[in-house]
Amino acid sequence: MNNLTDTLTDSPADSLTDSPAMAPTRHVVIEPSILYFGTPVVLLTTENDDGSFNLAPISSAWALGQVVVLGLGADGQTAHNLTAGPGPRRELVISLPAPDQWPAVERLAPLTGRDPVPASKPPACRFEPDKFAASGFSPAPSHLVGPPRVAECALQLEAYADRVRLDVSGGFLIVEAAVRRVHASPDIVVPGTDHVDPAAWSPLIYNFRHYFGLGPERGHTYRSETAAMTAEPTTPAPR
């Protein structure tokens, strides 16, 4: 397929004529190698076979209520730990770094806890048993699970991987982790509440393999419970 010449509308012109409600577009059909269209980076801490702990950056994570769904490579150490069977090996911590912590996250990116390094890993990937030391992050004890939290992250979730399975391609693992406890820096919490202040908290975003933070707020959903709490006072208009 020649993407440079494939600049016609997504729908045939005849169908657009027959269906006036459908607006024409100028989209180009592409075949990107990855689809990381703006997802938060999370750091997963899991327990290794010898009782030490693995720390890994993950670029596919989303929350549904009190469950966080994670996508990770099936050959990595995190996948090995979470598929070791029910029990303590299913415990994990999900720590969310801030945008300015991207250099430490990137120091983790070419490292793996698997030895030997799986063939599916990129050529520059190397084995590293102590990822906390290699990244510069510090472990902090958890309350309800064995793996430690990442002390420098303002938001940390202790969780248990209730469901772990391969995706349809067989190359990735899908993990459904039930959150058991949430730790938040006081700086990102609305005082006197259990709400994270969205004006004070910004996750590190992985956007087509580039690191970003959030821009200024554009608005909020009607379901927001913090809109009135975090809104800046307005100055009355002069009369």
- Message: Please list all pairs meeting side-chain hydrogen bond (donor to acceptor under 3.5 Å, both in side chains) that have one or both residues in residues 202-212, counting only residues at least two apart or in different chains.
- Response: Glu106-Tyr211
- Task: Could you tell me whether the side chain of Leu82 reaches within less than 4.5 Å of the side chain of Leu70, counting heavy atoms only?
- Result: no
- Among residues two or more places apart or on two chains, list those pairs meeting ring pair (Phe, Tyr, Trp, His ring centres under 6.0 Å) that have a residue in residues 142-196. His143-His183
- Query: Taking C-beta and beyond as the side chain, do Pro40 and Trp62 meet within less than 4.5 Å on heavy atoms?
  - Reply: no
- Hydrophobic cluster identity match, Leu204 and Val182, side-chain contacts under 4.5 Å: no
- Message: Side chains of Glu91 and Leu144, heavy atoms from C-beta outward: is any pair under 4.5 Å?
- Response: no
- Query: Would Leu96 end up clustered with Leu72 when hydrophobic side chains under 4.5 Å apart are linked, directly or stepwise?
  - Reply: yes
- Task: Look at Arg163 together with Glu176 and state whether they make a salt bridge at an N to O cut-off of under 4.0 Å.
- Result: yes
- Give the cluster check for Val42 versus Val179: same hydrophobic cluster or not, with ILVMFWY residues linked at side-chain heavy-atom distances below 4.5 Å. yes
- Taking the side chain as every heavy atom from C-beta outward, state whether Arg126 and Pro110 have any pair of such atoms under 4.5 Å apart. no
- Task: Give, for atom CG of Leu35 and atom CZ of Phe208, the distance between the pair rounded to the nearest 0.5 Å.
- Result: 6.0 Å
- Residues forming a side-chain hydrogen bond (donor to acceptor under 3.5 Å, both in side chains) with Asp75, sequence neighbours excluded: Ser120
- Query: Do Val150 and Val93 touch side chain to side chain, with heavy atoms closer than 4.5 Å?
  - Reply: no
- Item | Distance-only donor-acceptor check, side chains Asp197 and Thr226, under 3.5 Å | no
- Exam field: side chain Ser52 to backbone Asn48, donor-acceptor pair closer than 3.5 Å: no
- Message: Does Asp50 have more than 12 heavy atoms from other residues, nucleotides or ligands lying within 6.0 Å of its CG?
- Response: yes
- Item | OG-CZ distance between Ser142 and Arg180, expressed to the nearest 0.5 angstrom | 11.5 Å
- Of the non-hydrogen atoms in Arg90 and Gly85, which two are nearest, and what is the gap between them? CG-O, 3.3 Å
- Contacts of Thr45 that satisfy side-chain hydrogen bond (donor to acceptor under 3.5 Å, both in side chains) - sequence neighbours left out: none
- Interatomic distance, Thr46 atom OG1 to Ile94 atom CD1 [nearest 0.5 angstrom]: 11.5 Å
- Output all residues satisfying side-chain hydrogen bond (donor to acceptor under 3.5 Å, both in side chains) with Thr193, sequence neighbours left out; order by chain, then residue number. none
- Using only heavy-atom distances, determine whether the side chains of Thr112 and Gln77 contain a donor-acceptor pair under 3.5 Å. no
- Query: How long is the gap from CG on Asn54 to CG on Leu44, to the nearest 0.5 Å?
  - Reply: 9.0 Å
- Quick one: hydrophobic cluster around Phe212, which other residues, with the 4.5 Å side-chain cut-off, linked directly or via members? Ile205, Leu214
- Side chain proximity check, Leu43 to Ile58, heavy atoms < 4.5 angstrom: no
- Would you indicate whether the side-chain heavy atoms of Val145 and Leu92 approach each other to under 4.5 Å? no
- Message: Hydrophobic clustering (ILVMFWY, side-chain heavy atoms < 4.5 Å, transitive) - are Val189 and Leu157 grouped together?
- Response: yes
- Message: Using 0.5 Å steps for rounding, measure from the CG atom of Leu173 to the OG atom of Ser60.
- Response: 12.0 Å
- Beyond-backbone contact of Pro139 with Phe53, side-chain heavy atoms, under 4.5 angstrom: no
- Item | Cluster check Val41, Phe37: I/L/V/M/F/W/Y, side chain < 4.5 angstrom | yes
- Task: Could you tell me the separation between the CG atom of Leu111 and the NZ atom of Lys131, rounded to the nearest 0.5 Å?
- Result: 6.0 Å
